[in-house]
Amino acid sequence: MSAVISARKVRIAIWILLAAVVGAGVIWYAQLIANKPAPAAPPASADAQLVREDSHRVTSPAAEKAQLVELLDFECESCRAAEPLLTELKDEYGDRVTFVHRYYPLPGHRNSGTAALAVEAAAQQGKYEQMAAKLFETQPQWGEKQDSQAPLFRTYAEELALDMDSYDTAVADQATKDRINQDVADGRALGVTGTPTFFLNGKKLTLNTEAQFRQLLDEAAR
């Protein structure tokens with residue numbers, strides 16, 4: 001009985017965190033972009049802005065019924081809290097729904113941009129999901145720190161057996177930063193102000209309960 005109560009408390013906590021997210025307007029901080037402004041999103045349809053060719057698709061259904069796009073911040077506690085549920089949903093709907101991740105580091109998080117760089121550098125070596133999972137798993141250790149956590153993230157890259165010369169090059173490459181900036185610009189154009197923000201088949205979701213989330217996915221995946 002206590003295990004059931006604890007599980008319920010965890011679920012309640014997740015949805016309280018998700019419901020409480022109020023993001024500030026996104027301004028890409030200067031250190032990450034070396035004083036270069038984030039590129040404006042080019043004129044495009046809403047669909048083109050929501051999912052791009054290089055967007056990270058974490059499921060690949062043979063016959064796609066729907067797309068669920070998440071804009072996330074690896075330093076966001078609510079994003080981390082939602083991960084167990086999202087993992088369940090991927091297992092349950094991944095054969096019908098394409099789950100897409102896009103970067104949306106918030107300016108109030110000192111290391112969110114640095115974390116996105118680490119994940120994108122890992123993605124270039126085919127380890128997007130592994131690095132993303134590692135950062136969420138260890139977020140309590142590095143989140144809310146005011147000093148750069150880049151050295152710690154580099155140790156995670158070593159643990160994932162990445163080619164470290166390539167990793168270091170990718171982290172320092174302006175093209176990697178521009179890749180993240182594009183996600184931010186698209187999210188801003190779509191009216192995103194906080195994380196996690198979800199779009200199901202192009203429609204921005206307002207979620208209050210896990211049951212509501214499942215119902216929307218179930219209906220879309222039919």
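For clarity, every value in this text was computed on a predicted model and none was experimentally measured. Computation of the quantities below employed the complete heavy-atom set of this structure, encompassing side-chain atoms and omitting hydrogens, waters and symmetry-equivalent molecules.
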Visitor: How close do Phe74 and Ala132 get, counting heavy atoms only, and between which atoms?
Guide: CE2-CB, 3.6 Å
Visitor: Within a reach of under 6.0 Å around NZ of Lys203, are more than 12 heavy atoms found that belong to other residues, nucleotides or ligands?
Guide: no
Visitor: With a cut-off of 3.5 Å and sequence neighbours excluded, list every side-chain donor-acceptor pair involving residues 58-68.
Guide:
{"unit_1": "Thr59", "atom_1": "OG1", "unit_2": "Val97", "atom_2": "O", "d": "2.7"}
{"unit_1": "Thr59", "atom_1": "OG1", "unit_2": "Phe99", "atom_2": "N", "d": "2.8"}
{"unit_1": "Glu64", "atom_1": "OE1", "unit_2": "Thr98", "atom_2": "OG1", "d": "2.5"}

Visitor: What pairs of residues pass the ring-ring contact (aromatic ring centres under 6.0 Å, His included) test when at least one of them lies in residues 152-177, not counting sequence neighbours?
Guide: Trp142-Phe153
Visitor: So which heavy atom on Cys76 is nearest to which on His109, and how close?
Guide: CA-CE1, 3.7 Å
Visitor: Are the side chain of Arg57 and the backbone N or O of Val100 linked by a donor-acceptor pair below 3.5 Å?
Guide: no
Visitor: Under a 3.5 Å threshold, yes or no: a donor from one side chain and an acceptor from the other, between Asp178 and Gln174?
Guide: yes
Visitor: Examine distances only and state if a side-chain atom of Lys127 and a backbone atom of Ala121 form a donor-acceptor pair shorter than 3.5 Å.
Guide: no
Visitor: Between Arg214 and Glu92, is the closest basic N to carboxylate O distance under 4.0 Å?
Guide: yes
Visitor: Quick test of your reading of the model: are Asp173 and Lys177 salt-bridged, counting only N-O distances below 4.0 Å?
Guide: no
Visitor: Taking the inter-plane angle between the rings of Tyr128 and His56 on a 0 to 90° scale, is it parallel (under 30°), tilted (30 to 60°) or perpendicular (over 60°)?
Guide: parallel
Visitor: So, the side chain of Asp73 versus the backbone of Thr195: is there a donor-acceptor pair under 3.5 Å, distance only?
Guide: no
